[in-house]
Amino acid sequence: MSATARQAAIQTIASASYQLQNVSFKERHLKDTFGAHVFSEAVQREVLPKPVFRALQQTIRLGEPLDPSVADAVATAMKDWAIAQGATHFTHLFQPMTGLTAEKHDSFLSPTGDGRAICEFSGKELVKGEPDASSFPSGGIRATFEARGYTAWDPTSPAFIFESPNGSTLVIPTAFVSWTGDALDTKTPLLRSMQALSQQALRILKLFGRNDVRKVFATVGPEQEYFLIDKNFFYARPDLINAGRALFGAAPPKGQELEDQYFGAIPERVLAYMADCEAQLFKLGVPVKTRHNEVAPSQYEIAPLFEEANLVTDHQMLTMEVLRRTAPKYGLACLFHEKPFAGINGSGKHNNWSMATDTGENLLKPGDTPHDNAQFLVFCVAVIRAVARYPDLLRVSVAHAGNDHRLGANEAPPAIVSIFLGDQLQDIMDQLDQGYPRSTKAGGLMEVGVGVLPNLPKDAGDRNRTSPFAFTGNKFEFRAVGGSQSIAGPNTVLNTIVAESLDAIASHLEHRVAHGVSLLDGIREILPIIIKESKKVLFNGDGYSAEWHAEAERRGLPNLRNTVDAIPVLARAETAALFSKYKVYTDRELQSRHNIMCESYVKTIVVEARLTAMMARTMILPAALRYQTQVAGAVLATRSAGVENAPQQELLRQLTGMINELQRATADLDFALAAPASHDPLTHARFARDSIVPTMNAVRAAGDQLEVVVADDLWPLPTYREMLFIK
């Protein structure tokens with residue numbers, strides 16, 4: 001009998017060898033590598049005329065409109081620099097509402113008419129591109145036949161060179177809008193939300209006399225979790241190829257219960273892969289800082305330093321692309337799905353968020369005595385107020401079918417949005433609740449108890465890994481963001497709701513100061529009121545516990561358990577009013593996001609369900625029937641020989657029952673898939689959740705039951721015990 005695809009994969013892995021010495025930091029120093037392929041400020045200063053350079057920097061640093069006359073000079077310099085780096089083409093990189101990036105490449109080459117050619121790149125080509133918009137999700141904004149869409153150069157995110165085996169490409173980050181001016185991407189609303197946040201934060205800072213600050217921006221440091229498995233296993237699993245997660249798979253004898261993976265020694269092949277990815281990202285100006293094993297077997301993490309929200313969003317998408325593209329060089333496949341393996345820790349993208357000024361100040365840094373730091377208290381309380389007033393918006397910003405497998409489980413934050421502040425800040429907020437804080441808990445020193453070890457500075461509070469929104473020293477960590485999703489949407493929501501809170505606080509303080517009340521007295525009036533209204537969202541305990549779920553319900557906190565529960569939040573009148581007030585989304589754009597979320601959810605579920613039915617019929621059932629035939633033959637042979645075989649007969653009965661259950665469940669799934677689709681997007685999404693998902697789970701349960709019974713040499717699919725542990 002020929003080997004199964006699973007057996008062939010294992011044999012190939014066992015005999016494979018890979019070239020791991022692809023990167024050498026001896027030849028080029030690490031610091032010289034960073035930003036080598038970026039049209040950075042240093043490069044711009046070198047290649048642009050001084051007036052052009054100054055004008056471009058005013059746009060980048062302060063958001064001032066770009067003088068159109070500058071574009072041609074920038075385009076010429078950018079082209080010459082790119083060609084010197086080996087670029088033959090340019091592309092406008094944009095982020096449509098697919099959750100991925102998109103690009104269309106154009107050559108610099110232009111024929112002259114006499115059999116020769118020149119290289120051209122105009123300011124017009126730099127500033128605006130025109131990809132076909134008809135094939136991207138629009139959620140009803142555009143009819144299918146309405147194709148025109150525009151990409152608009154985002155000068156705040158620098159162009160870069162992306163290398164490929166046969167020539168390189170100049171990549172220009174852009175926004176993407178329709179002919180009618182509607183945002184068709186995730187970046188345009190993000191930029192709008194950053195503008196709104198800056199405007200409202202500047203009002204607060206002006207009250208404090210900070211006239212030196214001209215811009216405030218959100219800073220983000222996203223931690224990316226991902227899985228690596230051997231590509232031979234990946235190609236033997238249709239579900240991983242097409243759905244990004246294993247739709248079948250029994251729990252392995254060993255999982256993560258020994259807790260020996262987290263921060264363990266990184267396997268050699270994986271470490272070589274990581275170093276290669278980092279070398280590429282360094283050239284692209286992505287400040288990756290941290291790499292380590294994560295909790296689950298074959299799970300890892302990469303984390304960068306903080307950058308401005310729009311730039312880090314571009315860099316985060318670029319990081320995922322580099323991780324994905326580089327993996328096959330090392331015989332690996334990179335998985336970003338939130339839950340590629342059931343029962344094993346999933347992958348998040350912890351979104352560390354703060355606010356900073358153009359003068360370099362972190363507005364969420366408490367200082368040594370935060371109770372005396374009125375400016376910090378105002379900004380921190382504004383964030384608390386925002387989360388307390390709009391927890392459902394934060395929840396819907398991370399809602400999609402993949403994240404439904406992760407949120408609420410024991411390795412991820414619950415679907416209930418709450419804030420962990422830590423002992424020090426919680427004490428200050430408790431004091432605020434009673435009036436105004438007068439003291440700060442000190443951290444002190446920690447005595448380790450070993451003479452040769454130093455006494456360590458002790459933080460004023462512990463960390464809480466069960467909280468979806470936790471203060472971690474000088475930032476808030478939004479831990480509910482999914483491993484596969486863009487961070488643009490969650491940060492757009494976060495920026496907007498904090499802008500609304502800053503607006504409310506600034507309006508109150510401006511009014512009180514105008515009527516002769518001192519700024520500090522105005523702050524002492526308003527902050528206790530806000531904390532009394534917002535303290536329901538503060539929780540320092542175990543977010544996984546059943547007690548917290550009951551307590552959260554008593555407090556009136558929403559518990560939107562899945563994507564379909566969360567989507568209607570986008571259709572509320574108050575949601576539209578919020579986003580339109582700060583010019584982040586128009587009503588049409590918000591409705592389109594509602595429709596796209598419904599459509600994406602349904603399409604994801606349907607694809608997974610079709611795959612489940614196909615694999616059950618064409619892979620699992622044939623293997624089970626072959627084993628049934630073998631067992632039946634053994635039963636018949638022993639019975640003919642007059643040998644007692646009751647246990648074998650029982651095995652045959654059990655096996656036949658499992659096969660029958662698999663076939664029944666598959667037939668039910670086929671029936672659910674054949675049901676006519678509703679024209680209402682949300683109704684269709686509810687049907688997918690309530691009818692297709694349960695029947696799909698029933699097929700999986702039957703298949704997983706067979707995996708632990710069918711003879712190992714007949715089982716066609718690589719198993720969890722192999723995919724997660726064969727390095």
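Computed from a predicted model, the values in this text were never measured in an experiment. Residues take their numbers from the sequence shown, with the count starting at 1.
- The pair Asp404-Arg406 does not count as a salt bridge, with every side-chain nitrogen at least 4.0 angstrom from each carboxylate oxygen.
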Could you go step by step and tell me if Phe208 and Val378 meet the side chain to side chain contact (heavy atoms under 4.5 Å, CB included) rule? CA-CA 11 Å; Phe208 280 96; Val378 168; 4.3 Å; yes

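- Atom CD of Glu551 is separated from atom NZ of Lys536 by 12.5 Å, given to the nearest 0.5 angstrom.
- Within 6.0 Å of CD in Glu553 there are 12 or fewer heavy atoms belonging to other residues, nucleotides or ligands.
- Met355 and Thr219 make their closest contact through N-OG1, 4.2 Å (heavy atoms, listed as atom of the first residue, atom of the second, distance).
- Across Phe176, Phe94, Trp179, a single residue satisfies side-chain contact (heavy atoms from CB on, under 4.5 Å) together with Tyr150, and that is Trp179.
- Looking only at distances, no side-chain donor or acceptor of Lys289 sits under 3.5 Å from a matching main-chain atom of Ala303.
- Residues passing the side chain to side chain donor-acceptor pair (under 3.5 Å) test with Ser501, sequence neighbours excluded: Arg385.
- In Arg561, the CZ atom is not crowded: 12 or fewer heavy atoms of neighbouring residues, nucleotides or ligands sit closer than 6.0 Å.
- Taking every heavy atom of both residues into account, Val38 and Gly285 meet most closely at CG2-N, 3.6 Å.
- In this structure, His515 contributes its side chain and His511 its backbone to a donor-acceptor pair below 3.5 Å.
- Partners of Arg588 by salt bridge (Lys or Arg N to Asp or Glu O under 4.0 Å), not counting sequence neighbours, listed by chain and number: Asp182.
- Within the 4.5 Å cutoff, the side chain of Lys215 has no heavy atoms near those of the Arg61 side chain.
- Looking at Asn495 and Val584, their side chains never come closer than 4.5 Å, going by heavy atoms from C-beta outward.
- The one candidate from Asn352, Val498, Leu421 that meets the side-chain contact (heavy atoms from CB on, under 4.5 Å) condition with Phe476 is Leu421.
- Applying the ring pair (Phe, Tyr, Trp, His ring centres under 6.0 Å) rule to Phe160 yields no partners; only residues at least two apart in sequence or on another chain are considered.
- Looking at heavy atoms from C-beta onward, Met597 lies in side-chain contact with Leu570 at the 4.5 angstrom threshold.
- Taking the side chain as every heavy atom from C-beta outward, Phe306 and Asn362 never approach each other to under 4.5 Å.
- Tested against Lys349, the residues Glu225, Glu223, Gln316 include a single side-chain hydrogen bond (donor to acceptor under 3.5 Å, both in side chains) partner, Gln316.
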N/O donor-acceptor pairs under 3.5 Å from side chains in residues 483-493, not counting sequence neighbours:
unit_1	atom_1	unit_2	atom_2	d
Ser484	OG	Glu338	OE1	3.2
Ser484	OG	Glu338	OE2	2.7
Gln485	OE1	Gly482	N	2.9
Gln485	NE2	Ser397	O	3.3
Ser486	OG	Ala488	N	3.0
Asn491	OD1	Asn351	ND2	2.9
Asn491	ND2	Asn351	OD1	2.9
Asn491	ND2	Ile487	O	2.8
Thr492	OG1	Leu190	N	3.4
Thr492	OG1	Ala488	O	2.7

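- Evaluation of the side-chain contact (heavy atoms from CB on, under 4.5 Å) rule for His315 yields Val286, Pro287, Glu307, Leu311 as partners, not counting sequence neighbours.
- Between the side chains of Ser507 and Asp503, at least one donor N or O sits under 3.5 Å from an acceptor N or O.
- With sequence neighbours left out, the side-chain contact (heavy atoms from CB on, under 4.5 Å) criterion links Ala71 to Val127.
- Evaluation of the side chain to side chain donor-acceptor pair (under 3.5 Å) rule for Ser600 yields no partner, not counting sequence neighbours.
- Residues Pro366 and Gly473 share a closest heavy-atom pair of CD-O, 3.1 Å.
- Between Cys380 and Leu425 there is a side-chain heavy-atom pair separated by less than 4.5 Å.
- Here the closest heavy-atom approach between residue Ala159 and residue Met78 is recorded as CB-SD, 3.9 Å.
- Annotation: side-chain contact (heavy atoms from CB on, under 4.5 Å) contacts of Asn211 (sequence neighbours excluded): Lys206.
- The side-chain heavy atoms of Leu538 and Gln426, taken from C-beta on, include a pair separated by under 4.5 Å.
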Step-by-step salt bridge (Lys or Arg N to Asp or Glu O under 4.0 Å) determination, Glu41 to Arg45: CA-CA 6 Å; Glu41 180 180 338; Arg45 183 182 291 108; 3.0 Å; yes

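- The closest donor-acceptor contact from the side chain of Ser157 to the backbone of Asp154 lies at 3.5 Å or more, if one exists at all.
- In summary, the side chains of Asn595 and Gln591 do present a donor paired with an acceptor at a separation below 3.5 Å, with no hydrogens or angles considered.
- Shown here for Ala75 and Gly123, the closest heavy-atom pair between the two residues is CB-N, 3.6 Å.
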Evaluation steps, side chain to side chain contact (heavy atoms under 4.5 Å, CB included), between Leu557 and Trp548: CA-CA 11 Å; Leu557 296 178; Trp548 165 236; 3.7 Å; yes

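- Checked by atom type and distance alone, the side chain of Arg214 never pairs as donor or acceptor with a backbone atom of Leu202 at under 3.5 Å.
- For Phe379, there are no ring pair (Phe, Tyr, Trp, His ring centres under 6.0 Å) partners, not counting sequence neighbours.
- In this structure, Thr496 contributes its side chain and Phe579 its backbone to no donor-acceptor pair below 3.5 Å.
- Although no hydrogens or angles enter the test, the distance criterion places no donor-acceptor pair under 3.5 Å between the side chain of Ser534 and the main chain of Ile531.
- Between Leu205 and Leu363 there is a side-chain heavy-atom pair separated by less than 4.5 Å.
- Residues passing the side chain to side chain donor-acceptor pair (under 3.5 Å) test with Asp72: none are found, sequence neighbours excluded.
- When only modelled atom types and interatomic distance are considered, Thr174 and His92 share no side-chain donor-acceptor pair under 3.5 Å.
- Partners of Gln199 under the side-chain contact (heavy atoms from CB on, under 4.5 Å) rule, at least two apart in sequence or in another chain, are Gln195.
- Note: Asp185 CG to Thr151 OG1 = 10.0 Å, rounded to the nearest 0.5 Å.
- Smallest separation of non-hydrogen atoms from Val396 and Leu393: CG1-O, 3.2 Å.
- Remark: side-chain polar atoms of Thr188 are not paired, donor with acceptor, to backbone N or O of Ala175 under 3.5 angstrom.
- When each of Thr101, Asp314, Thr313 is checked for a side-chain hydrogen bond (donor to acceptor under 3.5 Å, both in side chains) with Lys187, only Asp314 meets the rule.
- Residues passing the side chain to side chain donor-acceptor pair (under 3.5 Å) test with Thr186 are Gln95, sequence neighbours excluded.
- Arg512 places no side-chain N or O within donor-acceptor distance of the main-chain N or O of Gly522, the cut-off being under 3.5 Å.
- The side-chain heavy atoms of Arg524 and Pro528, taken from C-beta on, include no pair separated by under 4.5 Å.
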